[in-house]
Amino acid sequence: MTHRFARTAGWLALPCLVAAGLLAWYVTREPASPFADVQATTADPALISRGEYVARLSDCVACHSLPDGKPFAGGLEMATPLGAIHATNITPDRNTGIGGYSLADFDRAVRQGVAPGGRRLYPAMPYPSYAKLSDDDVKALYAFFMHGVQPVQQANLASDIPWPLNWRWPIAMWNGLFAATAPYADQAGQDAQWNRGAYIVQGPGHCGSCHTPRGLAFNEKALDDSGKPFLAGALLDGWYAPSLRADPNTGLGRWSEAEIAQFLKTGRNRHAVVFGSMTEAFNNSTQFMSDDDLAAIARYLKSLPGDPQRDGAPWQYQAETTAALLDSPGGHTYVTRCASCHGLDGKGQAEWMPPLAGATSALAKEDASAINITLNGSQRVVTAGLPDAYRMPAFREQLSDQEIADVLGFVRSAWGNHGGAVNPQAVGKLRGHTDPASSSPIILHMR
Amino acid sequence: MELRINQKTYQVEADADTPLLWVIRDDLGLTGTKYGCGLAQCGACSVLVDGNVVRACVTPVAGVVGREVTTIEAIEADAVGKRVVAAWVEHQVAQCGYCQSGQVMAATALLKHTPKPSDAQIEAAMVNLCRCGTYNAIHAAMHELAQGEKA
């Protein structure tokens, strides 16, 4: 009996061992790179400058630098649900940076999220999007990081994710399920401009990292326009990143292509001014894009259909209903605190102060952006080297949770806005999470 | 661009996004309007635009072209403004006085829209900051003004 059991167990153990071996190979292997045998150490200035532009498109600097640190030296803390991780040094320093990377190593890190030796990167690095970068752009990016960036000796900081959650190998299986696997391929039936826009939005621009809702495994629910959730708006880091589809309320339905391009180039247009996390993307990335690329992005985004079921009835300006609302606690606060800039009519001032009438943050059911900007104000918007003349001040010290809830309830109901009431508890919660004195800043909470 | 300030027409050269306050003080020399915080929080820079109080530090100058701006220099040319200043004098509201031109503008705007405001309406409208703490004197002056014109 025992003998037979041992024999059965033996027969079972063999496939188990094989499976374990296969798994171990799969999760630690270095995936193929088209550059495996390529020796690319060229310092060609044209290639380096193209690489610098790709780095702008990809906004590498936003995460891989500290506000007062050396460019690309890493160190930015990102709080994930499991613990804090830190962006790494990607300067060409040989000891602490990526100076020892071959082109193939670099390619595997950028497009597949695999560091030399097979260690998996956390998908805080948007390689699920960068996977779509073209071979030529990866080559150019490599040339820029090897020859166009100053090496900085600065050791990477360890993550504080506890064992065994800090195992990296399970990420390989996440990648197998959720990451894109091939560079962007032009879609037949679409012209060159549309395809260029799609390439930037899906690939280097990684717009979906913030604007596409995520699933249970923190995976983006769609990585391209074949999926309806793609760029449909998402809650992230205490901000609601609006839809970039043709939704008239929560998306770009009321924006023209020219207005989209203007927004990305100058940080403002007649509908909105950049705020929240988009400020970093604007300051470091979109304003440096060429006019042709911005036009291509606008063209592509405007081709994404909206979803009336999700977005609701299109907003229309209404003056009549607002007068009655003004005589309320929220209305009083609006008149004294907000109307100087945003106007009693909610229409703002030209393109300097954005209108609140018809603003996405006043129409979306997610009220995080409205609360966050009221508590914490806007960040400095720097356009072509010039800081903005006007900025949303922080009201964290002046207004209580109840007062903020009241005034936002007013804003989200006046002038035809239909975002609706705001709960003071929600204000209190975000107040705590975004307290500058808090030890748990919310960066990259992915929720 | 052409600006109408205190019933006079001025030609000014400024970028469209220059704050109205800078134009008033630096270009036109009307220094009765004060710079406080620069963030629309304190109210020292309050002026009237078409009779509504606005904070000049956050008003792009291009936005007031074709509209009537009133600053503290001309407030007594307005009947309501004149009453406000008289009440301010009677109650000796000012201490250091830096915020008072803004306080007077806020009071005038309120009384123009609501001649007999309730205490709650006064409280809601008079939110300019005062480092000397003249709030009680402001409230007393406002309370009297809210009774309406004396016979």
Side-chain angles (χ1 to χ4, degrees), chain A residues 266-270 273 323 325-356 373-384 386-400 403 406-407 410, chain B residues 1 14-23 26 33 35-67 69 102-103 105-107 109-110 112-114 117-129:
Chain A
T266 67
R268 53 190 74 242
N269 64 20
R270 69 188 179 93
V273 176
L325 294 172
L326 265 173
D327 195 17
S328 66
H332 290 163
T333 304
Y334 182 81
V335 172
T336 50
R337 303 287 185 172
C338 319
S340 297
C341 292
H342 295 289
L344 269 178
D345 58 6
K347 289 182 177 173
Q349 299 185 58
E351 69 216 44
W352 308 109
M353 280 78 148
L356 299 181
I373 185 100
T374 309
L375 280 170
N376 301 307
S378 60
Q379 303 293 306
R380 176 169 293 165
V381 178
V382 182
T383 311
L386 292 175
D388 48 1
Y390 306 99
R391 207 167 302 152
M392 172 80 177
F395 285 94
R396 145 185 306 276
E397 305 296 340
Q398 282 102 321
L399 299 178
S400 67
E403 285 170 323
D406 286 344
V407 73
F410 167 81
Chain B
M1 62 188 80
D15 287 341
D17 64 335
T18 309
L20 173 62
L21 178 64
W22 298 8
V23 174
D26 297 355
T33 308
Y35 177 89
C37 66
L39 284 168
Q41 306 238 326
C42 76
C45 65
S46 299
V47 299
L48 302 186
V49 175
D50 291 342
N52 293 314
V53 65
V54 305
R55 298 188 168 179
C57 71
V58 293
T59 303
V61 68
V64 300
V65 171
R67 300 167 76 183
V69 179
Q103 304 281 8
M105 299 318 269
L110 171 64
K112 274 170 157 314
H113 290 110
T114 315
S118 66
D119 278 3
Q121 284 169 318
I122 292 173
E123 201 184 321
M126 298 298 291
V127 293
N128 290 7
L129 301 182

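Labels below follow one simple rule: chain letters A, B, ... track the order of the sequence lines, proteins then strands, and each chain is numbered from 1.
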Within this structure, what is the CG-CE distance for the pair B/L39 and A/M392, rounded to the nearest 0.5 Å?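 Interatomic distance, B/L39 CG to A/M392 CE, rounded to 0.5 Å: 11.0 Å.
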Rounded to the nearest 0.5 Å, how far does CZ of A/R268 lie from CG of B/D17?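 Answer rounded to 0.5 Å: 8.0 Å.
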So which part of B/V58 gets closer than 4.5 Å to some heavy atom of chain A, the side chain, the backbone, both or neither? both
Would you say that more than 12 heavy atoms from the other residues, nucleotides or ligands in this model lie under 6.0 Å from the CD of B/E123, or not? no
Any side-chain heavy-atom pair of A/M353 and B/P60 under 4.5 Å: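 Side-chain contact under 4.5 Å: yes.
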Checking B/C57 against chain A: side chain, backbone, both or neither under 4.5 Å from a heavy atom?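 Contact with chain A is through the backbone of B/C57 alone.
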Which bit of B/S46 is near chain A, if near means a heavy-atom gap under 4.5 Å: side chain, backbone, both or neither?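 No part of it gets close to chain A.
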Report which part of A/E351 has an atom under 4.5 Å of a heavy atom belonging to chain B: side chain, backbone, both, or neither.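 Answer is neither: A/E351 stays 4.5 Å or more from chain B.
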For each of A/H332, A/R391, A/Q349, tally heavy-atom pairs with chain B at distances under 4.5 Å, and name the one with the top tally.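 Most pairs with chain B among the choices: A/Q349.
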Nearest-0.5 Å distance that lies between atom CH2 in A/W352 and atom OG1 in B/T18: 9.0 Å
Select, from B/A40, B/P19, B/A125, the one with the greatest count of heavy-atom pairs under 4.5 Å involving chain A. B/P19
Which heavy atom in B/Q41 sits nearest to a heavy atom in A/A394, and how many Å separate them?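 What the structure gives for the nearest pair is NE2-O, 3.8 Å.
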A/E403 atom CD, over 12 foreign heavy atoms within 6.0 Å: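 Yes, CD of A/E403 has more than 12 neighbouring heavy atoms, counting only those of other groups under 6.0 Å.
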Drop me the distance from B/Q121's CD to A/D327's CG, to the nearest 0.5 angstrom. 7.0 Å
